[in-house]
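Below, each value reflects all heavy atoms present in this structure, side chains not excepted, and no hydrogens, waters or symmetry copies.
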Amino acid sequence: MNYKKLVPKDSFIGQYMEYMSVVETAESYDFWCAHWAIGVGCGRTVFVDRPNSPVFLNWYIILAAESGTTRKSTAINSIRKIVNETHPIITGKTSPENLELLLHRSTIATGEANIALAISELVTILGREGYMHTMPGLLTDLYDCPEVRKSPGTINSGELIQNNVYVNFLSASTPSWLVTAINPSVIEGGFT
């Protein structure tokens, strides 16, 4: 598919794809990374006004291809540098508990639980460590952008309240890792 034909050259996506045309990343990666950046920038201000369930522009995007062939990490790192100039981004491992705490702190600081994740290796955030097993469920829950989300938190933090949740997620993986590492219950639970 020719992604450049899908967007006007003077749009952000068109300009970003032109900017990335000298890099050895797949055109499709540049197209979807630009969408992710727009989602981060828009926040909860742009949505489809459906009765009782607005649809926000938050994106959960996973670039998938064999290792070392299509520059998945380069695509993620390139858009991350641009977006990070205006929005803080989680770029590495974080536990589900820490992610909930960061959303709570964001609510206290800004009134919104707004976080962007751009992690070049999906295994970093969905690894096989025991404490990470709840991450897919948490990300699935956050995807719907609830107006108010409460979590019991921890003994140290107490109840965590997250207002106007808005999470954008960008990562990359190989198809073989996805097949062997993603638990079938995660697929049935809606994360993938």
- Note on the structure: The residue among Trp36, Phe169, Trp32 that forms ring-ring contact (aromatic ring centres under 6.0 Å, His included) with Trp59 is Trp32
- Leu103 side chain reached by Leu160 side chain, heavy atoms, under 4.5 Å: no
- Note on the structure: Nearest heavy-atom approach of Asn164 to Gly111 is ND2-O, 3.5 Å
- Any side-chain heavy atom of Leu170 sitting closer than 4.5 Å to one from Val40? no
- Message: Using a strict threshold of under 4.0 Å (side-chain N to carboxylate O), is an ion pair present between Glu100 and Arg149?
- Response: yes
- Message: Is any side-chain heavy atom of Asn163 closer than 4.5 Å to one of Ile161?
- Response: yes
- What one should report as the nearest heavy-atom pair of Gly92 and Ile125 is O-CD1, 4.5 Å
- Task: Measure the shortest side-chain to side-chain distance between Tyr166 and Glu112 over non-hydrogen atoms and say whether it is less than 4.5 angstrom.
- Result: no
- Query: Does Pro136 offer a backbone N or O that forms a donor-acceptor pair with the side chain of Thr140 under 3.5 Å?
  - Reply: yes
- Item | Residue pair Asn58, Cys145: steps toward the side-chain contact (heavy atoms from CB on, under 4.5 Å) verdict | CA-CA 8 Å; Asn58 62 314; Cys145 302; 3.5 Å; yes
- Message: Looking at Thr124 and Ser120, would you say the former's side chain and the latter's main chain have a donor-acceptor pair under 3.5 Å?
- Response: no
- For the pair Tyr143 and Tyr60, name the ring-plane relationship: parallel under 30°, tilted 30 to 60°, perpendicular over 60°. perpendicular
- Any side-chain heavy atom of Arg44 sitting closer than 4.5 Å to one from Glu147? yes
- Return the set of residues passing ring-ring contact (aromatic ring centres under 6.0 Å, His included) with Phe47 (not counting sequence neighbours), or none when no residue passes. Phe56
- Task: Look at the side chain of Asn77 and the backbone N and O of Ser73, then say whether any donor-acceptor pair between them is shorter than 3.5 Å.
- Result: yes
- Query: Closest approach of Ala172 and Lys72, non-hydrogen atoms and distance?
  - Reply: CB-CB, 3.6 Å
- Pairs where residues 12-27 contributes a residue and the test side chain to side chain donor-acceptor pair (under 3.5 Å) is met, not counting sequence neighbours: Glu24-Arg71, Thr25-Asp30
- Message: Could you check whether any side-chain heavy atom of Pro152 comes within less than 4.5 Å of a side-chain heavy atom of Glu159, counting everything from C-beta outward?
- Response: no
- Evaluate the side-chain proximity of Thr174 to Leu122: yes if any heavy-atom separation is below 4.5 Å, no if none is. no
- Begin with the C-alpha distance, continue with both residues' side-chain angles, and end with the deciding distance and a verdict on side-chain contact (heavy atoms from CB on, under 4.5 Å) for Ser78 and Met20. CA-CA 8 Å; Ser78 296; Met20 291 298 290; 3.5 Å; yes
- Message: Can you see whether Asn98 engages Thr94 through a side-chain donor-acceptor pair at a distance of less than 3.5 angstrom?
- Response: yes
- Query: Can you check whether Leu63 reaches Cys33 side chain to side chain, under 4.5 Å on heavy atoms?
  - Reply: yes
- Side-chain donor/acceptor of Asn168 to backbone N/O of Ala116, under 3.5 Å: no
- Item | Heavy-atom closest contact (Ile13 atom, Ala34 atom, distance) | CG1-CB, 3.8 Å
- Message: Quick one: does any side-chain atom of Thr110 pair with a main-chain N or O of Thr107 as donor and acceptor, under 3.5 Å?
- Response: no
- Query: Can you name the closest pair of heavy atoms from Ile119 and Ile76 and give their distance?
  - Reply: O-CD1, 4.0 Å
